[in-house]
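Structure first, commentary second.
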Amino acid sequence: MMRHREICVVLVSLILFAVVVQSPLAQKTAAPVTSLRVYLFDCGLIKGEDPTTYGLKKDDVKNTDMVVPCYLVVHPKGTLMWDVGVIPDSEFKGDKPVTHSDGSGMISSPRPLLPQLAALGYRPENITYVAFSHYHSDHTANANAFAGSTWLVHAAERDAMFAASPEDQSAYNRLRNSKTVILPDTDYDVFDDGTVTIKSTPGHTPGHQVLALKLPRTGPVLIAGDLWHYAAERKAPTAPQSEANKEQTLASRAAMEAYLKQSGAQLWIEHDPKTFHRLEKAPDYIE
């Protein structure tokens, strides 16, 4: 009887020790920041794309792979989650990578998104704003996790999203009831100080948008969504085949080229491996 009680005491002690050790990580909360920063996460890879569908020749692009980044923008007044991956966290078994066949290509992701945020001290329910460059599945896989955030979206994009089939809405259908700010067609200053600005760039989708940052050390940056997929598209005279409105895409590209020239901003083409690989990744951040 005593032996049984001793074993029980030992087991209870081990459980309590595990809780004490693990709880600081599980409950970690990020400290407030005094200046703007952005965390960049590796949210996946798309293989097997054909450059000719993007108005290019095959030899215009040496590496046709498309990276899938996610971004957390942290400001003294709050946080903004921008684009949330290609494979939902629900498909991961622990931290093992996930790979799927996608028609003629493959999509993969090395790790789930939410644990990466938690390791930094951020949880979806504490993210102030969520926004997507657009609603395609390689940018919205974990959208429902941020239904408690304020959603920043253009009316045309929201309308297109909820006109899609129920299956296509499955990654973001909880946003229907989220607190929502319908954005104007002009620039939208997220934190009212000019450092985080959403710019309307319709064409790829009806309400496609890009994100302009003014980082304290790096300087101005334009995170361009799918306004361009490959760097070579900046010289292409035609828009990709699958655009919602090709004329709008070309007009949006021209407007952002003018902005880049005027502002001196760096261009971060989201799917471009060269851009992605030269930038710091979470848990490090870019200021």
Requested in this report: Tell me, with the steps shown, if Y172 and F132 meet ring pair (Phe, Tyr, Trp, His ring centres under 6.0 Å).
Outcome: CA-CA 11 Å; Y172 56 76; F132 318 106; 8.0 Å; no
Query raised in the report: For T249 and E233, what are the C-alpha separation, side-chain angles and deciding distance, and is it a side chain to side chain contact (heavy atoms under 4.5 Å, CB included)?
Result: CA-CA 12 Å; T249 292; E233 287 176 74; over 6 Å; no
Report task. Could you go through the side-chain hydrogen bond (donor to acceptor under 3.5 Å, both in side chains) check for H204 and N245 one step at a time? Result -> CA-CA 7 Å; H204 184 61; N245 186 310; over 6 Å; no
Query raised in the report: Can Q209 and S200 be said to form a side-chain hydrogen bond (donor to acceptor under 3.5 Å, both in side chains), step by step?
Result: CA-CA 5 Å; Q209 56 194 17; S200 176; over 6 Å; no
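The aromatic ring centroids of H208 and H136 lie 6.0 Å or more from each other. For F146 and Y129, the ring centers are positioned 6.0 Å apart or more. Ring centers of Y54 and Y230: under 6.0 Å apart, within the cut-off. Taking the six-membered ring wherever Trp is involved, the centroid distance between the rings of H271 and H139 falls below 6.0 Å.
Within the 3.5 Å criterion, the main-chain N or O of T180 finds no donor-acceptor partner in the side chain of S178. Side chain of N63 to main chain of D65: a donor-acceptor pair is present (N/O by atom type, distance under 3.5 Å, no hydrogens or angles). The backbone N or O of K57 lies less than 3.5 Å from a partner atom in the side chain of D60, making a donor-acceptor pair. The backbone N or O of A145 sits nowhere less than 3.5 Å from a side-chain atom of N142 that would complete a donor-acceptor pair. In this structure a side-chain-to-backbone donor-acceptor pair under 3.5 Å is present from D83 to S133. Here the side chain of T218 pairs a donor or acceptor atom with the backbone of E287 at under 3.5 angstrom. Checking side-chain atoms of T79 against main-chain N and O of T128 turns up a donor-acceptor pair under 3.5 Å. Remark: side-chain polar atoms of K214 are not paired, donor with acceptor, to backbone N or O of P220 under 3.5 angstrom. In terms of modelled atom types and a separation under 3.5 Å, the side chain of D89 and the main chain of L114 share a donor-acceptor contact. Judged by distance alone, with hydrogens and angles left aside, the side-chain atoms of R234 form no donor-acceptor pair with the main-chain N or O of R253 at under 3.5 Å.
For the residue pair S165 / D168, a side-chain donor-acceptor distance below 3.5 Å is found, with atom types taken as modelled. Between the side chains of E91 and H100, at least one donor N or O sits under 3.5 Å from an acceptor N or O.
Between the CD1 atom in I127 and the CG atom in L117 there is a gap of 6.0 Å [rounded to 0.5 Å]. Rounding to the nearest 0.5 Å places CG of L56 at 12.0 Å from CD of E49.
Both cation-pi conditions hold for K199 and Y259: the charged atom is under 6.0 angstrom from the six-membered ring centre and inside a 45 degree cone around its axis. At least one cation-pi condition fails for R111 and F92: the charged atom is not both under 6.0 angstrom from the six-membered ring centre and inside a 45 degree cone around its axis.
Cluster annotation: M81 is connected to Y39 through the hydrophobic network of ILVMFWY side chains, with a link wherever side-chain heavy atoms come within less than 4.5 Å. Hydrophobic clustering, with ILVMFWY side chains joined whenever heavy atoms are under 4.5 angstrom apart, groups Y135 together with V84.
Ring-plane geometry between Y71 and W268 is classed as parallel, the angle between the planes falling under 30 degrees on a 0 to 90 degree scale with a further cut at 60.
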